[in-house]
Amino acid sequence: MSPVTCAPVLRGRGAEEGALRRLLDDARAGSGGALLLVGGPGLGKTALLDLAAAAPGFRVLRVPGVAAESHLPYAGLHGLLRPIARDLPSVPEAPALMSGLETGALTIPASVLGVLSALAAQQPVLICVDDVDLLDPASRDVLSFVARRVPNEPIALLFASREGVLDGVPSLSLPRLDPVAVREVADDLAPGKIAEDLLAALDLIARGNPLALAELIGSLTPDQLTGLAAPPATLPRDGRLWREHAARLAALPARARPLLLLIAADPGLDAATLIRAARPACALTALEPAERAGILRTTGDRYDFPDPALRAVAYHDASLAERRAAHRLLVTLFENADLPLFENADLPGSGGLRGIGASGGLRRAWHRACALDGPPDELAGELAAAALGAHPAHGHPEPYLALERAAELTDPRSPAKAERLAAAARHAWVAGRPQVARSLLARLRGLSAPDELRAHVQLLHGSLELLRGETGSAREELLSAAAWLLESHRMLGVRALVRAADASYRAGDNRAFIAIARQAAALRRADEAVPTQLMFEYLAGMAATFSGYHQKAAGPLRRVVELAGAVRDPAVLVWACVASMLLGDDATAHRLSARAVEAARVRGAASAMPQLLDYMIYPEIWMGRYASVATTAAQGLRLSQETGQLNTAAQHLAWLAITAAVEGDQETCRMRAGAAIDLADAHDLGIAGAIGNWALAYLDLSLGRPADAATRLRAERRNSSHVVIRVMATPHLIEACARTGDHEGAGAALRVLERWVGSTRSPDLRALVSRCRALLAAPGEAEELFREALDLHGQGMYEFEAARTSLLYGSALRRDRRPGAARAHLHAALETFDRYGARLWTEQARTELRAAGDPIRPAPSATTEQLTAQQLRIARMVAEGATNKEVAERLFLSRRTVEHHLRNIFSRLGIRSRVELVRLMS
């Protein structure tokens, strides 16, 4: 399909555009066909019809289905053929057609086909029918007849419908937009204005529906765009999609509406309750039309709306009196199982609510508050108490919504209003709704609040800033909060201190971290609770590490790990994870980070997930689990963007750059590292910048450019004091310096590494030290050190680093003119690099083997096991029909990079086309 200036720009519809292109190309070539596009309102069916109609070379006949004419036989056919009425007299089948329309004869389908065939003989014909499900049945049957008989005609028929209604016509269901397409739509509508966390909140409502997204963006106020006001909670009431949903609901039987309102007011109500809500004679049959229409779905014995936007319409389109009555009746169900559900309604009966569980108290209080069933202060107090005692992940209503409602019912002169708004903000942040949290905090301005509450608010402000803003300002806010909280709420005060230290850690400001740790040490008591003890020990151990006193640090760090067994708080567990890493115990670090992630998931602490995933990556990097790192970092990046955590997003981007460097994907590595470094510079994130630079140095080293790697790593050590990343990168610095003759610089770095490794019990870390010593050793001493390193690797888990040691050892043996001994180590390295998909390291091993006289090995047979993790992801997406553009968007790559990967994939697999790739992948 040739591009046309007036054609609409469609996002995330590459597969559908390809299907239209094939349909039209076949019709031009005389092999006509038909296609039915199926999807709910707003998914882009009409836009795809517009795109097809704009294609050159076709005579386009178009008609929409109209509900008001659906009872008139052939009304749709009349509308379709009316534009060509002037041409009909010259068409042989025209008299029969006109006669058939008058008499309803059976000649109509054949006559219509004849008319269209005659027109197509002059120019290919495209028929577009929107809302074919609303077309009158007679016209629909005729067009179905035609669609089944055009394979040898230059005729294409394109239909759009909410559901498949045409027998014998192939259908294509329109999926919801993926996150990349959602981002593109937002950029088209409001370039540069929609932050990732705001977009994520909008897409919770839109759920990948382009029309919904467009209407939501169009409804945003300036305060919502800047984060001062909460994002919309529903579709705009004056929008087309709201009207579409309202019309669908209005078409349902009247007796279903009270039940739908009840389900909308309390999602997940059980079937037993709804049975008691209806007459025994009809039970739940009143809801069957809603199920058939896709308005309702059942999960087990519970009902809910699959589309939250539709639920909102079902609720808000009811009158205020109807909504209050529904809430009041739900309260009654909670209080007395024997009272009728619908008083004075068309569906009398008795009912009770079963399966309420621990959340019943909050649900009852919520419904009382929504029904205004009592004095406002009483309702607010009951609702706030129930929300604060509820599990954050229990379901409906979310605690932050309940607390916000409680605040709305509270007298503005009461200090309780500020307390409830602050509590709502904290719960919103924990639930991963940073925009809501910020808007709730903004509503605190002008309200009276005690100093302790202001300290809690400052702690939340600082926590938000730590993950989104500039680390220096986050540290100051957190220190100020700690000063207030240490006396009134000691554990929170200590937590604020640790978070302030964490801000220093992220910035790479070791002096500030050490100063905070000294301040904390002076505050310590003998009777601290276990989590508080752990935090104090963590600060002490980290401060000793940053001061270079690794032996002194080992004691506090080990106590941190010991205390972690009695801790359940995921935010505290990650500090035990860091302690384990500094002790060289990567397996324990990984186990603790996995525990923290699971604890956060169970608690519904969405805001904690991106940072917890970041801590899981550290031990995975050490252990060489690069495929797992790529998966974890990609998930962390997505969650960071959705929850507005730009600082954590920078770190995940940097980790993704590391995995790209390992795979030898140069362009991806540079792009991701550059993005991470830019964010690091903007937000004072020493750690993200250090990881990004390490990734680039790693790439230099794997490309055989040790001088560039050494220069980059030396500059990083001068400009940043982020100790953890500096130590992790030290083996690479020593290797780069040794290969460029800078033995003095390598020796200085080795002494730092030795001091840390000496405080651990890790055979893998000791292996790295032995390898580094071997690189700097005299010719007669290196071999023993290399063997020692390989023996230690055999006791540990660093398989990839063991392969790097084998490569360096084999290279040294080859240069020492011992090719036979070299080949065994080089082959071992090559096998591991092949399994990891480390292309550049594989090439280095092959080069060394050729130099050692190894005969040329036959090319392996085609198998996807030869692909890197990134290549395998791309191959799978291409095999599923994704275009290069779609692959690039989903994986945050450039199109050129995707094309480069595809060339390598085809080369590795010994294939020449996408068709062969599909066959191989299947």
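On a predicted model such as this, the values are computed, not experimentally measured, just so you know.
Between R495 and D569 there is a salt bridge, since a side-chain N of the basic residue sits under 4.0 Å from a carboxylate O of the acidic one. Ion pair D586/R625 not flagged as a salt bridge, since none of the NZ, NE, NH1 or NH2 atoms sits closer than 4.0 Å to an Asp/Glu carboxylate oxygen. Classification of R601 and E598 as a salt-bridged pair holds, one side-chain N sitting under 4.0 Å from a carboxylate O.
A donor-acceptor contact shorter than 3.5 Å links the side chain of E465 to the backbone of E470. Looking only at distances, a side-chain donor or acceptor of N693 sits under 3.5 Å from a matching main-chain atom of G689. Between the S480 side chain and the E477 main chain, no donor and acceptor come within less than 3.5 Å of each other. No donor-acceptor pair closer than 3.5 Å links the side chain of D223 to the backbone N or O of L228. A donor-acceptor distance shorter than 3.5 angstrom exists from the side chain of W756 to the backbone of L582, with no hydrogens or angles considered. In terms of modelled atom types and a separation under 3.5 Å, the side chain of T632 and the main chain of V629 share no donor-acceptor contact.
With rounding to the nearest 0.5 Å, the separation of CE in M491 from CG in L485 is 12.5 Å. Note that the CG atom of L492 and the CD atom of E452 stand 9.0 Å from one another [nearest 0.5 Å]. Interatomic distance, CE of M728 versus CD1 of I658, reported as 8.0 Å (0.5 Å rounding). Taken from CG in L557 to CG in D585, the straight-line distance is 12.0 Å, to the nearest 0.5 Å. A distance of 9.0 Å separates OG1 in T631 from CD in Q635, rounded to the nearest 0.5 Å. The distance from atom CG of L534 to atom CD of E528, rounded to the nearest 0.5 Å, is 12.0 Å.
In this structure A633 satisfies the side chain to side chain contact (heavy atoms under 4.5 Å, CB included) test together with I617, H652, W655, L656, sequence neighbours excluded. The side chain to side chain contact (heavy atoms under 4.5 Å, CB included) test applied to E537 returns R524, P556, R559, V560, L563, not counting sequence neighbours. Looking at residues two or more places apart in sequence or on another chain, you find a side chain to side chain contact (heavy atoms under 4.5 Å, CB included) between E754 and L750, R751, V769, R773. The ring pair (Phe, Tyr, Trp, His ring centres under 6.0 Å) search around Y505 returns H722, not counting sequence neighbours.
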* Criterion side chain to side chain donor-acceptor pair (under 3.5 Å) on D614 and Q645, from CA distance to verdict -> CA-CA 12 Å; D614 175 57; Q645 300 183 37; over 6 Å; no
* Could you give me the CA-CA distance, side-chain angles and deciding distance for E642 and D197, then say whether side chain to side chain contact (heavy atoms under 4.5 Å, CB included) is met? => CA-CA 5 Å; E642 289 177 358; D197 52 353; over 6 Å; no
* To do: Check the pair V561 / L583 against side chain to side chain contact (heavy atoms under 4.5 Å, CB included), numbers first and verdict last.
  => CA-CA 10 Å; V561 178; L583 291 168; 4.1 Å; yes
* To do: Any chance you could lay out the side chain to side chain contact (heavy atoms under 4.5 Å, CB included) test for L459 and R499, step after step, and finish with the verdict?
  => CA-CA 9 Å; L459 173 59; R499 286 186 182 170; 4.2 Å; yes
* Begin with the C-alpha distance, continue with both residues' side-chain angles, and end with the deciding distance and a verdict on side chain to side chain contact (heavy atoms under 4.5 Å, CB included) for T730 and V752. => CA-CA 9 Å; T730 293; V752 173; 5.6 Å; no
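In this structure, the side chains of H793 and E801 come closer than 4.5 Å at one or more pairs of heavy atoms. Between R568 and R595, the closest side-chain pair of non-hydrogen atoms falls below 4.5 Å. Contact annotation: the side chain of V457 approaches that of L444 to within less than 4.5 Å [non-hydrogen atoms, C-beta and beyond]. Using a 4.5 Å heavy-atom cutoff, the side chains of S762 and V757 are not in contact.
When all heavy atoms of V530 and A566 are compared, the closest pair comes out as CG1-CB, 4.1 Å. A pairwise comparison of heavy atoms in A428 and V436 identifies CB-CG1, 3.9 Å as the closest pair. Across all their heavy atoms, A437 and A425 have their closest contact at CB-O, 3.4 Å. Listed here is the closest heavy atom pair of P610 and T643: CG-OG1, 3.9 Å. Scanning all heavy atoms of the two residues, the minimum distance from G472 to D684 falls at N-OD2, 4.4 Å. Here the closest heavy-atom approach between residue A517 and residue A543 is recorded as CB-CB, 3.6 Å.
Ring geometry, Y798 versus W622: the interplanar angle falls under 30°, so the pair is classed parallel (tilted spans 30 to 60°). Classification of the H456-H489 ring pair by plane angle, with boundaries at 30° and 60°, yields perpendicular.
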Expected list for residues 570-578: side-chain donor-acceptor pairs under 3.5 angstrom, two or more places apart:
none

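Within 6.0 Å of CH2 on W484 lie no more than 12 heavy atoms contributed by other residues, nucleotides or ligands.
Listed by first and then second residue, the side chain to side chain donor-acceptor pair (under 3.5 Å) pairs involving residues 414-423 are T410-R420 (not counting sequence neighbours).
L685 pairs with exactly one of I677, T648, T471 by the side-chain contact (heavy atoms from CB on, under 4.5 Å) rule, that one being T471.
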